[in-house]
Amino acid sequence: QVQLVESGGGLVQAGGSLRLSCAASGRAFSSNNMGWFRQVPGKERELVATIKWSGRDTYYADSVKGRFTISRDNAKNTVYLQMNSLKPEDTAVYYCALDSNGSWLRPKYDYWGQGTQVTVSS
């Protein structure tokens, strides 16, 4: 089993920054690709960013490209999402997830954290 625990959410003004963390336990974290997603009530969950197990490859949704940075520290079993220049439309619950399929092109996110709320005021 895998346990993922997010932290770092909160209330911030537009233009501000937050850094989310996701601590993993129970599985060889360093061999798994990871992703950050977000969801607004009434809307589908949206992929925000992903990072390969090695940290060498990343992907960003167009809506966050240039503002968000995903990174990981395999020694600490933690993945991060640095969010800069935040906008009100970034308001959502943010989730981290672990890809159990091991495929960069066809990931399968089987393990999810409980989510952390990010609210950006205008």
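- Proximity of a side-chain donor or acceptor of T78 to a complementary backbone N or O of K76 within less than 3.5 Å is detected.
- For A14 against S122, the heavy-atom pair with the smallest separation is CB-CA, 4.3 Å.
- With rounding to the nearest 0.5 Å, the separation of OG1 in T116 from CD in E6 is 7.0 Å.
- Within the structure, the side-chain hydrogen bond (donor to acceptor under 3.5 Å, both in side chains) test picks out the following pairs touching residues 101-113 (sequence neighbours left out): S100-D110.
- Applying the salt bridge (Lys or Arg N to Asp or Glu O under 4.0 Å) rule to D73 yields no partners; only residues at least two apart in sequence or on another chain are considered.
- Shown here for Q39 and A92, the closest heavy-atom pair between the two residues is O-CB, 3.5 Å.
- When all heavy atoms of N32 and D99 are compared, the closest pair comes out as ND2-O, 3.1 Å.
- A salt bridge is absent between D90 and K87; no separation between the charged side-chain nitrogens and carboxylate oxygens falls under 4.0 Å.
- Partners of V93 according to the side-chain contact (heavy atoms from CB on, under 4.5 Å) rule, which considers only residues two or more places apart in sequence or in another chain, are Y95, Q117.
- When atom types are taken as modelled, the side chain of Y60 and the backbone of I70 share a donor-acceptor pair closer than 3.5 angstrom.
- Taking all atoms of both residues into account, the shortest heavy-atom contact from F29 to A24 is CD1-CB, 3.5 Å.
- At a cut-off of 3.5 Å, with distance as the only test, no side-chain donor of S121 or Q13 sits close to an acceptor on the other residue.
- K43 is linked by a salt bridge (Lys or Arg N to Asp or Glu O under 4.0 Å) to nothing, counting only residues two or more places apart in sequence or in another chain.
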Walk me through whether V118 and L20 qualify under side-chain contact (heavy atoms from CB on, under 4.5 Å). CA-CA 9 Å; V118 171; L20 305 183; 4.0 Å; yes
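- Of the possible polar contacts, one joining the R72 side chain to the K52 backbone as a donor-acceptor pair under 3.5 Å is found.
- Applying the side chain to side chain donor-acceptor pair (under 3.5 Å) test to R19 and every residue at least two apart in sequence or in another chain returns nothing.
- Taking hydrophobic clusters as Ile, Leu, Val, Met, Phe, Trp and Tyr residues chained together by side-chain heavy-atom distances below 4.5 Å, F68 does not share a cluster with Y59.
- Rounded to the nearest 0.5 Å, atoms CG (D57) and CD1 (I51) are 9.0 Å apart.
- One finds the CD atom of Q3 at 11.5 Å from the CG atom of N77 (value rounded to the nearest 0.5 Å).
- Y94 and F37 are not part of a single hydrophobic cluster, where members link through side-chain heavy atoms under 4.5 Å apart.
- Applying the disulfide bond (SG atoms under 2.5 Å apart) definition to pairs two or more places apart or across chains, those involving residues 83-122 are C22-C96.
- In terms of heavy atoms, L4 sits closest to L98 at CD1-N, 3.8 Å.
- A donor-acceptor contact shorter than 3.5 Å links the side chain of N74 to the backbone of W53.
- N84 and S17 make their closest contact through OD1-OG, 2.9 Å (heavy atoms, listed as atom of the first residue, atom of the second, distance).
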